[in-house]
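Remember, it's a predicted structure, so these values are computed and weren't measured experimentally. The chains referred to below are lettered A, B, ... by the order of the sequence lines, with proteins before strands, and numbering in each begins at 1.
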There are 2 protein chains.
Amino acid sequence: MARRADHSRDDLTEIALATATRIIETEGLQSLTTRKVAAEIGYSPGTIYNLFEDFDALISRVNIRTMQKFNASLGKVQLTGDAISDAKEILQVYLDFISMNPSLWASNITHGSREDIQQPAEFLQELDKAFQKVEAAIAPLFDADSKREAWISARVLWASLQGIVSMPANARIISEKSMTTKEMAENLVDKYLRGI
Amino acid sequence: MARRADHSRDDLTEIALATATRIIETEGLQSLTTRKVAAEIGYSPGTIYNLFEDFDALISRVNIRTMQKFNASLGKVQLTGDAISDAKEILQVYLDFISMNPSLWASNITHGSREDIQQPAEFLQELDKAFQKVEAAIAPLFDADSKREAWISARVLWASLQGIVSMPANARIISEKSMTTKEMAENLVDKYLRGI
DNA sequence: CTTATTATTGACCACTGTTCAGTAAATCCA
DNA sequence: TGGATTTACTGAACAGTGGTCAATAATAAG
């Protein structure tokens with residue numbers, strides 16, 4: 001068999017992405033393979049490479065969508081001008097999103113933190129959108145002349161939260177005194193913002 | 001050829017670990033394979049599985065050693081009782097260690113944060129040692145009745161730092177305004193402790 | 001001196017990401 | 001209409017992965 005054309009190129013890309021997303025959600029990033037995606041959409045492995053540059057590009061495309069979905073959630077947060085309560089509401093949205101999409105978020109962190117691959121511009125742009133929201137929320141804590149400070153703080157907060165949600169739940173370190181991710185995250189945001 | 005016994009079992013384990021460490025240091029965790037280690041020490045792949053439970057166990061053993069080396073560095077820090085300056089000295093040791101052992105530390109984070117594998121008890125113990133040092137350093141900031149608070153704060157700080165050093169340097173987000181890992185880490189520790 | 005144990009091999013398994021010559025369908029052009 | 005060209009797709013192949021295990025030979029035990 002050759003050329004079938006029962007789907008347009010864009011349709012097929014869409015179907016492949018949806019399938020990859022489903023596999024990550026249900027079985028984890030580790031279980032995602034080109035062959036699995038190909039088999040599930042009823043095409044050969046080679047076709048995947050006709051749609052995506054390589055395996056990493058496929059993962060990145062899923063991650064971009066995850067960041068887009070997250071930014072959509074963030075968009076619903078209306079800033080009031082009270083930095084502390086605004087930041088805490090953003091944190092709630094963040095934690096809710098992760099608890100609703102644990103595997104997709106893990107994929108985001110795992111793949112998005114790899115230094116040996118170039119992250120696509122689109123992914124970095126979505127990341128930047130999230131940064132800007134945090135920046136806007138905490139802006140009232142800074143003078144007009146310390147814009148750079150606000151810029152840094154938003155990134156420090158983001159990276160720190162990433163570290164906290166990456167801490168494996170099964171590690172005795174956490175379970176011993178039954179400290180939840182939520183408790184840690186709230187502690188961080190509270191203390192860090194208070195320190196500014 | 002069979003049974004050679006030109007090395008004792010412990011010797012061979014030692015040689016394999018040293019080789020694995022060298023590969024991670026020079027080529028990164030991604031380049032570490034059983035076959036590569038085997039070839040380099042002049043044995044067959046099967047021998048690696050005679051020395052280690054599996055591939056993950058080999059990595060974990062390297063990570064345990066890395067944590068031991070780090071704890072040795074931490075041991076040199078003499079606490080003065082001034083929480084802020086003690087914490088900052090620990091941070092310097094932490095940053096120095098990472099800059100001296102970037103790949104080994106990356107391996108530690110990558111493999112030590114995986115939720116799909118059981119981290120060996122020895123690794124968690126070494127991690128706990130590090131926590132205790134941080135806990136001891138910041139203890140003066142807490143009343144006697146809020147030991148749990150100190151316990152949490154040490155872990156929050158640790159996880160947050162991990163997030164910061166995991167942020168990929170190549171991401172435009174960091175380089176744009178030339179913010180270094182060191183600057184971010186110091187910002188975190190400063191603001192977080194000030195907030196307590 | 002035989003027996004049991006142990007260390008080591010190397011072939012093998014099922015899998016991975018990736019490439020590419022070949023093929024057939026769709027499209028274009030005369 | 002019909003032949004040439006472009007395009008989508010396959011499936012076999014490649015070099016590699018982690019992992020297993022019967023076979024073997026050297027050592028240790030009785």
Side-chain angles (χ1 to χ4, degrees), chain A residues 1-17 19-21 23-24 26-63 107 110-111 114-120, chain B residues 1-17 19-21 23-24 26-63 107 110-111 114-120:
Chain A
M1 190 197 322
R3 175 147 193 167
R4 290 155 40 177
D6 33 1
H7 295 295
S8 77
R9 189 173 215 278
D10 286 355
D11 276 358
L12 205 47
T13 304
E14 180 57 44
I15 294 170
L17 279 176
T19 301
T21 302
I23 292 173
I24 294 176
T26 58
E27 305 170 44
L29 178 59
Q30 303 267 342
S31 298
L32 184 72
T33 68
T34 46
R35 283 173 170 78
K36 199 176 271 184
V37 174
E40 205 153 313
I41 68 176
Y43 282 76
S44 74
T47 295
I48 301 296
Y49 288 86
N50 189 244
L51 300 172
F52 304 94
E53 171 109 36
D54 57 19
F55 187 54
D56 285 328
L58 167 59
I59 298 173
S60 286
R61 288 287 293 274
V62 175
N63 286 346
S107 160
T110 304
H111 198 257
R114 282 186 51 184
E115 303 217 19
D116 57 344
I117 54 183
Q118 169 65 25
Q119 302 297 330
Chain B
M1 190 197 323
R3 173 141 197 170
R4 290 154 40 178
D6 33 359
H7 295 296
S8 76
R9 189 173 216 279
D10 286 355
D11 277 357
L12 205 48
T13 304
E14 180 56 44
I15 295 170
L17 278 177
T19 302
T21 302
I23 292 173
I24 294 176
T26 58
E27 305 169 46
L29 178 59
Q30 304 266 342
S31 298
L32 184 72
T33 67
T34 46
R35 282 170 172 76
K36 198 176 271 184
V37 173
E40 205 152 311
I41 68 177
Y43 282 76
S44 75
T47 295
I48 302 297
Y49 289 88
N50 188 244
L51 300 172
F52 304 94
E53 170 109 32
D54 57 18
F55 188 53
D56 285 327
L58 167 59
I59 299 172
S60 286
R61 288 286 294 273
V62 174
N63 285 347
S107 159
T110 303
H111 199 258
R114 280 186 54 184
E115 303 216 20
D116 56 344
I117 54 182
Q118 170 64 26
Q119 303 296 331

Whole-Å distance between dG11(D) P and Tyr49(A) OH? 17 Å

Among the candidates dT10(D), dT20(D), dT18(C), find the nucleotide nearest to the side-chain atoms of Tyr43(A). dT10(D)

Asn63(A)/Gln119(A) under side chain to side chain contact (heavy atoms under 4.5 Å, CB included): CA gap, chis, key distance, verdict: CA-CA 10 Å; Asn63(A) 286 346; Gln119(A) 302 297 330; 5.8 Å; no

Here the distance between atom P of dA21(C) and atom CG of Asn50(A), to the nearest Å, is 15 Å

Quickly work out the Leu29(A) CG to dT16(C) P distance and round it to whole Å. 14 Å

Under 4.0 Å: is that the gap between some side-chain N or O of Thr34(A) and OP1 or OP2 of dG17(C)? yes

Working to the nearest 0.5 angstrom, can you tell me the gap between Ile15(B) CD1 and Asp10(B) CG? 11.0 Å

Distance-only donor-acceptor pairs under 3.5 Å for side chains of residues 29-38 of chain A, two or more places apart:
residue	atom	partner	partner atom	Å
Ser31(A)	OG	Glu27(A)	O	3.2
Thr33(A)	OG1	Lys36(A)	N	3.0
Lys36(A)	NZ	Glu27(A)	OE1	2.9
Lys36(A)	NZ	Ser31(A)	O	3.2

Side-chain-base donor-acceptor pair under 3.5 Å for Arg9(B) and dT6(C): no

When you match Thr33(A) and Thr47(A) each to their closest nucleotide on DNA chain C, which lands nearer the 5' end? Thr33(A)

Rounded to whole Å, how long is the line connecting atom CG of Asp54(B) with atom C1' of dG18(D)? 9 Å

On DNA chain D, does the nearest nucleotide to Gly46(A) precede the nearest nucleotide to Ser31(B) from the 5' side, or the other way round? Give the residue. Gly46(A)

Would you mind reading off the distance between Ile48(A) atom CD1 and dT19(C) atom P, rounded to a whole angstrom? 14 Å

Could you give the CG-to-C1' distance, from Leu51(A) to dA8(D), as a whole number of Å? 10 Å

Looking at the base of dG16(D), is there any donor atom on it, or on the side chain of Arg35(B), that sits under 3.5 Å from an acceptor on the other one? no

How close or far is atom P of dA8(D) from atom CD1 of Ile41(A), stated in whole angstroms? 14 Å

Once you apply a heavy-atom cut-off of 4.0 Å, does Leu58(B) come out as touching a base, just sugar-phosphate, or nothing? nothing

For the side chain of Phe55(A), starting at C-beta, report the closest nucleotide among dG19(D), dT18(C), dG11(D). dT18(C)

Side chain to side chain contact (heavy atoms under 4.5 Å, CB included) for Ile41(A) and Ile48(A)? Distances and angles first, verdict last. CA-CA 10 Å; Ile41(A) 68 176; Ile48(A) 301 296; 4.3 Å; yes

Whole angstrom is fine here: how far is it from CG in Asp11(B) over to P in dT8(C)? 11 Å

Which heavy atom in Leu51(A) sits nearest to a heavy atom in Arg9(A), and how many Å separate them? CD2-O, 4.0 Å

